[in-house]
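See structure below.
For the numbers below, each heavy atom of this structure counts, side chains included, while hydrogens, waters and symmetry mates do not. Residue numbers start from 1 in every chain, and the chains themselves are labelled A, B, ... in the order their sequence lines are given, proteins ahead of strands.
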Protein chains: 2
Amino acid sequence: MTISEENYLKVIYHLSLVSPKGVNTNAIAGMLDTKASSVTDMLKKLAEKDVVTYKKYQGVSLTNNGLLQAKKIVRRHRLWEVFLVEKLQFTWDEVHEIAEELEHIKSEKLINSLDAYLDFPAFDPHGDPIPNEKGEIKKQEKQLLSEMPTGVVCKCVGVKDSSADFLQYLDKQKITLGSEIKILEKETFDELIKVEVDAKEVILSNKIAVNLYVQ
Amino acid sequence: MTISEENYLKVIYHLSLVSPKGVNTNAIAGMLDTKASSVTDMLKKLAEKDVVTYKKYQGVSLTNNGLLQAKKIVRRHRLWEVFLVEKLQFTWDEVHEIAEELEHIKSEKLINSLDAYLDFPAFDPHGDPIPNEKGEIKKQEKQLLSEMPTGVVCKCVGVKDSSADFLQYLDKQKITLGSEIKILEKETFDELIKVEVDAKEVILSNKIAVNLYVQ
DNA sequence: AATTAAATTTAGACAAAACTAAAAATATTT
DNA sequence: AAATATTTTTAGTTTTGTCTAAATTTAATT
Ligand SMILES: [Mn+2]
Ligand SMILES: [Mn+2]
Ligand SMILES: [Mn+2]
Ligand SMILES: [Mn+2]
């Protein structure tokens, strides 16, 4: 598997979580910042290698083998993110780019040793679950902050958007994984939400609320 | 810089330590397991990028910039080797291959954080010096065991050959970095050397002696 | 149902990095 | 110094992954 092939697999995996009946060529192109024609070429190659099933004009989906491969890449990505934050003191907005490179280092022993060294973390710095060696993912029930009713107290457990911009904005609002959030008031007109984060009042826009996972 | 270009630079660097007046096309091809014609192509490209000076048929040498680049790659390689041994409990014969991949991860912050995390090691698991951020190398005086006279007591500080085969053979003989070696007898006929390693007598072949650095 | 729009695929081209085979330059022998 | 051997370079292909432009298929509108 080349780095390019791995990047395609990973993107197809992420997209298939949202649209399980088949992933569009254009969606893949968008995520990889490439052209649809390039995607078509690659899909044929991946189908040839039996990691995706591909029917012209019908989109792709991962085979069992492709799914396992993809999860292994995700596992590597997220373990490296944990390493960078826990051991090298990186912040959660700095790790993604570097993990994009590190995820392609292929050594089972390396990644399993790293896993043990980090004490078998279940989640990465953005609250995303880390697949185990067999690709199994322990999934937690979590909801978007925007879906929670007024009055409840919940805990921030993840982000949907993990762009540096969004993460830095959360830093500014003093919201981190584990923060207690009490929903004080939801404005129906402009969808602003007044919340209490760790005993301080904050106004959050809908854009924040639809990208923050709580429990 | 692509991974391929980095691999060329690193090899040219290593070869230029042995032949400072210019590195041969064939020597590079041998180290990279490629063909001389491929090397010629790449040398032109590297010259274009001003990291090597190249005159047809005259071999190459690194420019100041190329030298710095090469040292940075070597720095990354050796720091990752230290990480694998010190933190992930890899043995010294297992780290080279993985470091060959890790050395291409390009993030100044990553490598400097790693350096600090490892407590700024001066040497890698094979006794090779680790360049600092500026490419400066603190070089130690060391000699090959084969060059030492009878009677002296010296300390193993490095290996010239760092192939897994050689390293595992040293393991078998209980020779590691730091081992005390007393030269008891040198046989001129077959060049075998009788030594005492940490109070145990061992016979070493010349092939071992010319690949072991002592101090 | 016909038309228009959007998504997808094909065809043909290109750059990077490798290869083989042949030509040219340099080194080594005789 | 001439002949031979070795090293290096050139010329022409190949593979991978990308691109643009054009053709085709599917989806959405009128
Ligand atoms: Mn990430
Ligand atoms: Mn993450
Ligand atoms: Mn090494
Ligand atoms: Mn080493």
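Residue pairs meeting the side chain to side chain donor-acceptor pair (under 3.5 Å) criterion with at least one member in residues 16-44 of chain A, sequence neighbours excluded, do not occur.
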At under 4.0 Å between heavy atoms, which parts of nucleotides 5-14 of chain C does protein reach? Answer with one letter per nucleotide, 5' to 3': B base, S sugar-phosphate only, - none.
--SBBB----
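Look at Glu133(A) and Lys72(A) and you find no salt bridge, because none of the NZ, NE, NH1 or NH2 atoms lies under 4.0 Å from a carboxylate O. At a threshold of 4.0 Å, the pair Glu103(A)-Arg76(A) does not count as salt-bridged, since none of the basic side-chain nitrogens sits closer than that to a carboxylate oxygen.
The side chain of Thr34(A) contributes an N or O atom lying less than 4.0 Å from OP1 or OP2 of dC19(D). Between Lys35(B) and the phosphate of dT20(C), there is a side-chain N or O to OP1/OP2 separation shorter than 4.0 Å.
Ring to ring, Tyr8(A) and Tyr13(A) are not that close: their centroids are 6.0 angstrom or more apart.
Atom-to-atom, CG of Leu46(B) to P of dA16(C) comes out at 12 Å; the value is rounded to the nearest Å. Rounded to whole Å, the distance from CD1 on Ile3(B) to C1' on dA16(C) is 13 Å. Regarding Ile28(B), its CD1 atom lies at a distance of 12 Å from the C1' atom of dT8(D), rounded to whole Å. As rounded to whole Å, 11 Å separates atom C1' of dT16(D) from atom OH of Tyr8(A). Per the geometry, NZ belonging to Lys49(A) stands 10 Å off C1' belonging to dT16(D), to the nearest Å.
Glu191(B) places no side-chain N or O within donor-acceptor distance of the main-chain N or O of Thr188(B), the cut-off being under 3.5 Å.
The ring pair (Phe, Tyr, Trp, His ring centres under 6.0 Å) check on His77(A) picks up His96(A), with sequence neighbours excluded.
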